Every structure is written in C-alpha cells, then in structure tokens.
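Presented below is the structure to which this report refers.
Predicted model only: the values in this text are computed from it and were never measured.
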Amino acid sequence: MDNEPTATKDEGFLSRMALNDNKAGMEGLDRDKINSIIMESSKGSKFYENELKKDQQVNQRIEKMMLQKARITQAQLKKAQAQVEKMTLALERSRDLSRVIVHVDMDAFYAAVEMRDCPELKTKPMAVGSMSMLSTSNYHARKYGVRAAMPGFIAKKLCSDLVIVPPNFDKYRAVSEEIREIFADYDPHFLPMSLDEAYLDFTEHLQQRQAWPESLRTHRYTEKENPTPKDIEAKKEEDLSPVLFEESPGSPPGLHGSKGANEGSELFGTCVEEAVREMRFRIEQKTTLTASAGIAPNMMLAKVCSDKNKPNGQYRLPPTREAVMDFMEDLPVRKVCGIGKVSEKMLNALGITKCSHLGQQMALLSLLFSETSCRNFMEVSLGLGSTRISRHEERKSMSIERTFKELSDAEEQFSLCRELCKDLAEDMKKEGLKGKTVSLKLKNVNFEVKTRAQTLPCAVAAEEEIFAVAKDLLKTEIDNEGPHPLKLRLMELPCTLQQPAGRAKRFSIFYSGGLRWIRRIR
DNA sequence: GCGGATCAC
DNA sequence: TATGGTGATCCGC
C-alpha cells in the first residue's frame with residue numbers, strides 16, 4: 001500500500017519537465033497554465049521522449065527502494081536507530097558556530113548587465129540566451145514562467161513579447177572582476193562559484209572592523225572618481241540604478257543616508273549585517289547592479305539564506321543551535337545545495353519533504369542510501385555544513401563539447417573529433433597540463449548518451465596523441481553500430497588530468513588591495 | 001578503472 | 001527549426 005505512489009505518471013513526470021519554481025521571482029503565477037504550455041511545446045519531441053525514458057528509470061529506482069524498505073525488519077531498524085543516535089551525538093559535538101560565512105549572489109546577473117547597458121530593455125521581459133537555450137531571465141520575464149535553462153522558443157510561447165539577448169560573456173567576466181575586487185576587501189581568500197556568485201568568510205574582517213574608525217566604514221555614492229562624459233550622460237538619463245524590480249522584499253543596501261543630506265556618502269556600522277550591507281552597497285555603486293546575500297555559520301546555510309530575500313536583499317541566520325534547527329525545520333529538501341530533482345523525488349517517495357523529516361527518518365535512510373549520502377542527509381538535518389572556505393586546488397579534468405545538427409557521416413565525425421582534440425590540446429597547453437584518461441562522450445539525435453574511456457600509461461598533451469586515442473574510441477563505436485551510421489547531436493572529449501607531482505608548482509589566485517595576485521600554495 | 005547518473009551554475 | 005557547456009562526484013560494477 002505505501003509502496004504505490006498516489007501520483008499519476010503525468011503528475012510525477014512534471015517534476016522533470018515542468019516549471020521549476022524553486023528559484024526566486026516565481027511566486028504566485030499561473031503554474032497550471034504555464035505547465036500546459038511547456039508540455040504542449042515539448043510533447044512529441046526527441047528531447048521529451050528521452051526525458052520520459054529517464055523519468056521512468058527514476059521511477060524504477062524508487063520502486064526498487066520501496067521494495068527494499070518493505071523488507072526492513074524492526075530489529076534492523078532498531079539497530080540502525082542506535083547507530084544514528086551515536087553518529088548524531090558525534091556530529092553535534094563537532095558543531096562549530098564560530099565562523100561567519102557569507103554567500104553573495106548577483107541578481108539575475110546576465111540579464112541585469114544587459115538591462116543596465118540598454119535602457120530600452122529595462123521595462124521589458126527579457127532573457128539572455130538564444131531560441132535554443134536561455135541562461136537567465138529578468139524578473140519581469142519570470143512572471144510569465146520564463147526561466148534559466150528553458151529553451152527560448154518555449155519561453156516565447158509563454159511570453160510573446162520576450163526579448164532574447166545573445167550573451168556577452170566578455171562583459172560578464174569584466175563585471176565579475178569588478179565585484180571580486182570588492183569581495184577581496186572582506187575576504188582575500190573568497191571562493192568564487194561562478195561569475196556572479198561567491199562564498200566569503202567574514203570572521204576575520206569583522207574582528208578588525210570592530211576597531212575601525214567611521215572613515216573606513218563610510219562609502220561614497222559613486223566610486224567613480226573621474227566620470228567620463230559618457231558616465232555623466234548616463235547619469236542624466238537615469239537616476240541611479242536601473243529599475244530591476246518592482247518591489248524588493250529584502251533590505252536595499254543604501255536606504256539610510258540620502259544623497260544630499262549625507263554629502264553623497266553612507267556610513268555603515270560594525271556588525272555583520274552592516275558589513276554585508278556595505279559590501280552590497282559598494283557593488284551597486286560600482287556596477288549599478290544589485291546583489292543578494294546570506295549570512296550564516298556555515299556554507300550550506302549561507303547558500304540557502306542568500307535566496308531568502310532575493311532580489312536585492314539579505315538574510316542573517318543567527319549562530320545558535322536553536323535558530324539553526326528552527327530554520328531547518330520547514331526548509332524543503334530541494335532548497336539544499338546538492339539535493340536535485342531526482343533526490344527530491346526519491347525522498348518524497350519516503351514521505352520526506354522537509355529537512356526535519358530527514359532527521360526523523362535517519363534510521364530508515366541509513367538502510368536505503370549509501371554511507372556518503374546518509375552522512376550528508378544527517379548533516380543537513382542538523383543544519384551542519386563547511387565552516388572553512390577553501391579554494392579548490394588544481395583542476396581534475398578538462399573537457400570540450402559541441403552540439404550540432406545531426407551528424408551521420410563517419411568522415412565528418414572523425415574530422416569533428418580531430419577539431420575537438422585540437423581545441424582541447426590548446427586548452428591543456430595553456431595551463432601546462434597533461435591528460436591521463438581520454439574519454440569520448442556521444443549523444444545521439446535521440447538524446448541518448450554514451451561514454452567510452454581509455455587510461456594511458458603515459459600522460460598526453462599534444463593534439464595528435466589525444467586524437468590517436470579518441471579516434472580509436474570513436475571507431476569502435478561506429479563499428480559497433482554495425483551497418484547503421486551513428487546519428488550524433490553532440491560530441492564531447494573529457495580528459496581526466498594527470499595530478500601534478502609533489503614537486504610541481506601549485507598556485508592559487510587571491511585578491512588584495514584591489515589587485516589580483518598569483519600565490520603559491522603552501 | 002569504466003560507464004551511467006546526478007548536480008551546480 | 002529549436003532543449004547548452006564545463007567540471008565534480010557518486011554508485012555499482
């Protein structure tokens with residue numbers, strides 16, 4: 001009885017295809033209408049058929065899990081419960097509430113940059129990407145259900161007025177550099193997660209900040225000391241920042257002092273919230289773009305918090321066990337970084353929707369999931385996460401992939417493969433790296449994916465060396481397909497890298513005094 | 001080590 | 001007409 005999901009297949013399938021309202025800016029819209037348009041646009045496509053197939057695989061996984069659950073005895077459960085309790089105690093003892101971790105996230109980053117640079121877009125629903133795929137959308141477009149990772153042609157059906165702007169990555173990278181300079185003032189070892197997002201450890205900054213005079217906590221309304229005529233012109237056109245959002249739930253960073261009254265500058269206090277507000281204020285003054293932030297005792301929590309008052313807001317979770325446990329109580333598991341669509345569906349099948357459920361069901365979970373997953377679930381349920389931010393060391397893999405219109409001719413497939421090898425070899429050369437395992441990933445026109453790999457006795461870096469391996473892998477696949485040709489839509493060449501020897505230099509980047517430094521690690 | 005899958009951005 | 005590219009990790013062989 002309880003291993004039979006009550007949802008129909010269609011309802012279940014929605015979790016994969018339908019509107020993802022996990023993101024901010026999606027509240028109170030007509031979900032049903034949006035979903036029916038999405039389904040209508042997708043139905044019958046190769047992509048849709050493949051998603052259906054993957055969804056059925058997930059359903060089978062869930063069925064298997066439910067069978068396993070049905071076989072669990074009271075004795076097993078009791079034993080597991082004892083272990084879980086022991087583990088919980090150990091984790092509880094390790095709880096560290098002493099660090100102040102901040103997660104910063106730019107609001108609708110790519111879209112906001114485009115709106116900033118093209119005033120006409122400010123009042124329109126718009127997205128950055130192409131008819132095939134959108135990277136992000138502004139908040140006006142989100143009201144129609146238009147979101148990141150949605151193909152543009154479907155977005156157009158949801159919102160016919162949608163303006164789709166092609167991405168300008170060089171511009172986003174430049175803006176990213178600007179905000180990273182500010183991040184560095186608060187934590188020179190901050191951890192960037194992408195162009196628009198980073199984790200910072202504010203602990204040291206706050207210690208120093210307590211002794212800071214007001215002058216160091218005062219920031220001008222614009223950081224541009226010598227505005228160009230173009231800047232002045234821009235100032236005339238708009239007052240300050242673009243009207244990104246009609247209303248913001250959070251706390252805008254520069255509300256307290258008015259421009260004139262305070263000689264064009266703003267004083268910030270010494271507490272965390274003031275420091276973070278100051279950082280967001282400086283970001284807005286420097287880039288005319290807004291950011292949201294979360295403040296918490298660890299990275300897992302800070303990440304969730306940064307989403308809480310998005311856009312243009314911040315949220316602080318106090319560093320007490322009580323506050324943390326209260327916060328986790330009703331938090332949907334899907335909000336936690338690392339729990340995606342599939343994990344959510346599996347947990348839901350067990351009646352687990354909120355993080356507090358994880359804690360209540362740990363004994364059961366420990367019998368159904370791997371040790372790694374379990375440990376993670378347990379930490380999540382207790383509101384635990386990393387309290388130290390460490391920059392990633394050297395990269396572990398490097399890859400290049402390309403999607404194209406159906407490619408069936410073997411000769412063309414080999415020459416494409418060579419192209420990819422050439423590009424990959426170039427990238428590897430740039431970083432002075434060598435590959436240990438060369439892989440070939442193929443996606444056919446039905447969206448089915450296959451990976452083939454070969455590990456080499458000696459690491460390789462040159463185009464010809466890589467191609468020698470990749471060519472063989474491709475040939476095998478073509479031969480295996482028998483008399484029929486491979487009908488490809490994507491080819492990828494992932495390469496796991498030879499880990500640097502002990503003697504090899506290892507560098508990291510850090511920021512200080514507005515400059516970007518390369519530093520040797522240890 | 002290999003291949004499939006999941007996840008994040 | 002049309003559903004991305006890059007990197008990491010985990011699981012079960």
**Message:** If I pick the C1' atom on C:dG4 and the same atom on B:dC7, what distance separates them, to the nearest angstrom?
**Reply:** 15 Å

**Request:** Using a 4.0 Å heavy-atom cut-off across all strands, classify A:K54 as base, sugar-phosphate, or nothing.
**Result:** nothing

**Prompt:** Hey, is the side chain of A:R489 poking within less than 4.0 Å of OP1 or OP2 on C:dG4, counting only N and O atoms?
**Reply:** yes

**Message:** Applying a 4.0 Å non-hydrogen cut-off, can you work out what A:S439 is touching in the nucleic acid: base, sugar-phosphate, or nothing?
**Reply:** nothing

**Message:** For a quick check, tell me whether the side chain of A:T372 and the base of C:dT9 share a donor-acceptor pair closer than 3.5 Å.
**Reply:** no

**Fill in**
Among the nucleotides B:dC7, B:dA8, B:dA5, whichever has the atom closest to the side chain of A:Q57 is B:dA5

**Complete:** The nucleotide from B:dT6, B:dG1, C:dT3 with an atom nearest the side chain of A:S132 is C:dT3

**5' precedence on DNA chain B between A:E344 and A:V449 (nearest-nucleotide basis)** = A:V449

**Message:** Whether A:E492 and A:R402 form a salt bridge (side-chain N of Lys/Arg under 4.0 Å from carboxylate O of Asp/Glu) is what I want to check.
**Reply:** no

**Message:** Please identify which of these residues, A:K53, A:K443, A:R489, A:K441, meets the salt bridge (Lys or Arg N to Asp or Glu O under 4.0 Å) condition with A:E448.
**Reply:** A:K53

**Fill in**
The nucleotide from C:dT6, B:dG4, C:dT3 with an atom nearest the side chain of A:T451 is B:dG4

**Request:** Would you mind classifying the nucleic acid contact of A:Q454 as base, sugar-phosphate or nothing, using non-hydrogen atoms under 4.0 angstrom?
**Result:** sugar-phosphate

**Asked** Taking the side chain of A:K303 as its heavy atoms from C-beta onward, which of B:dG4, C:dT3, B:dC9 lies nearest to it?
**Response** B:dC9

**Complete:** Between CD of A:E431 and P of C:dT6 the distance, given in whole Å, is 13 Å

**Item:** Selected nucleotide, minimal atom distance to A:V342 side chain, candidates B:dG3, B:dT6, C:dT6
**Value:** B:dT6

**Asked** According to a strict under-4.0 Å criterion, is A:S343 in side-chain N/O contact with OP1 or OP2 of B:dT6?
**Response** no

**Asked** Salt bridge or not for A:K475 and A:D472, using N-O below 4.0 Å?
**Response** no

**Prompt:** Quick one, which residues of residues 151-167 of chain A touch DNA chain C with a heavy atom under 4.0 Å?
**Reply:** A:P151, A:F153, A:I154

**Asked** With respect to the side chain of A:R334, which nucleotide from B:dC9, B:dT6, B:dA8 is positioned closest?
**Response** B:dA8

**Request:** Apply side-chain hydrogen bond (donor to acceptor under 3.5 Å, both in side chains) to the pair A:N59 and A:K345, showing each step before the final yes or no.
**Result:** CA-CA 9 Å; A:N59 288 340; A:K345 196 169 173 178; 3.0 Å; yes

**Request:** Identify whether any heavy atom of A:E197 sits under 4.0 Å from a base atom; if not, whether one sits that close to sugar-phosphate; answer base, sugar-phosphate or nothing.
**Result:** sugar-phosphate

**Request:** Rounded off to whole Å, could you give me the NZ-to-C1' distance for the A:K335 and B:dC7 pair?
**Result:** 17 Å

**Asked** Do the side-chain N and O atoms of A:D107 and A:T290 include a donor-acceptor pair separated by under 3.5 angstrom?
**Response** yes

**Prompt:** Below 4.0 angstrom, N of the basic side chain to O of the carboxylate: do A:K487 and A:E481 qualify?
**Reply:** no

**Prompt:** Where the side chain of A:V58 is defined as all heavy atoms beyond and including C-beta, which of C:dG7, B:dT6, B:dC2 is the nearest nucleotide?
**Reply:** B:dT6

**Fill in**
From NZ of A:K443 across to C1' of C:dT3 the rounded distance in Å is 8 Å

**Item:** Whole-Å distance separating the CD atom of A:E406 from the P atom of C:dT1
**Value:** 17 Å

**Prompt:** Has A:R16 got its NZ or CZ under 6.0 Å from the middle of the six-membered ring of A:F13, at an angle within 45 degrees of the ring axis?
**Reply:** no

**Message:** Among residues 417-425 of chain A, which ones have heavy-atom contacts with DNA chain C below 4.0 Å?
**Reply:** none

**Item:** C:dT9 OP1/OP2 closer than 4.0 Å to side-chain N/O of A:K396
**Value:** yes

**Request:** Look at the side-chain N and O atoms of A:K345 and state whether any lies under 4.0 Å from the OP1 or OP2 oxygen of B:dT6.
**Result:** no

**Asked** Any side-chain N or O of A:R61 under 4.0 Å from OP1/OP2 of B:dA5?
**Response** no

**Request:** Kindly confirm or rule out a cation-pi arrangement of A:R99 over A:F202, judged by NZ or CZ under 6.0 Å from the six-membered ring centre and within 45° of its axis?
**Result:** no

**Asked** Between A:K54 and A:E51, is there a salt bridge with N-O shorter than 4.0 Å?
**Response** yes

**Request:** Take the protein atom CD1 of A:I400 and the nucleotide atom P of C:dG4, then report the distance between them rounded to whole Å.
**Result:** 16 Å

**Request:** Test side-chain hydrogen bond (donor to acceptor under 3.5 Å, both in side chains) on A:E114 and A:N168 and set out the steps.
**Result:** CA-CA 9 Å; A:E114 297 302 335; A:N168 295 293; 2.8 Å; yes

**Complete:** Between A:T455 and A:M193, whichever has its closest DNA chain B nucleotide further toward 5' is A:T455

**Request:** State whether A:R173 and A:D170 are salt-bridged, where the test is any N-O pair (Lys NZ or Arg NE/NH1/NH2 against Asp/Glu carboxylate O) under 4.0 Å.
**Result:** yes

**Prompt:** Separation of A:Q499 atom CD from C:dG7 atom C1', in whole Å?
**Reply:** 13 Å

**Message:** Nearest heavy atom decides the nucleotide; on that basis, is A:S45 or A:M398 closer to the 5' end of DNA chain C?
**Reply:** A:S45

**Request:** Please state how far atom CD in A:E448 lies from atom C1' in C:dT3, giving the value in whole angstrom units.
**Result:** 16 Å

**Request:** Using whole Å, report how far CD of A:E51 lies from P of C:dT3.
**Result:** 12 Å

**Request:** Kindly say whether the aromatic ring centers of A:F369 and A:F377 come within a distance under 6.0 Å.
**Result:** yes

**Request:** Ignoring the backbone of A:K450, work out which of C:dT6, B:dG4, B:dG1 is nearest its side chain.
**Result:** B:dG4

**Item:** Residue-phosphate contact under 4.0 Å: A:R452 side-chain N/O, B:dG4 OP1/OP2
**Value:** yes

**Message:** Among B:dG1, B:dC9, B:dC7, which nucleotide has an atom closest to any side-chain atom of A:D196?
**Reply:** B:dC9

**Request:** Map A:I38 and A:E492 onto DNA chain C by nearest heavy atom, then report which one ends up closer to the 5' terminus.
**Result:** A:I38

**Message:** Can you identify which nucleotide, out of C:dG7, B:dG4, C:dG5, has its nearest atom closest to the A:L490 side chain?
**Reply:** C:dG5

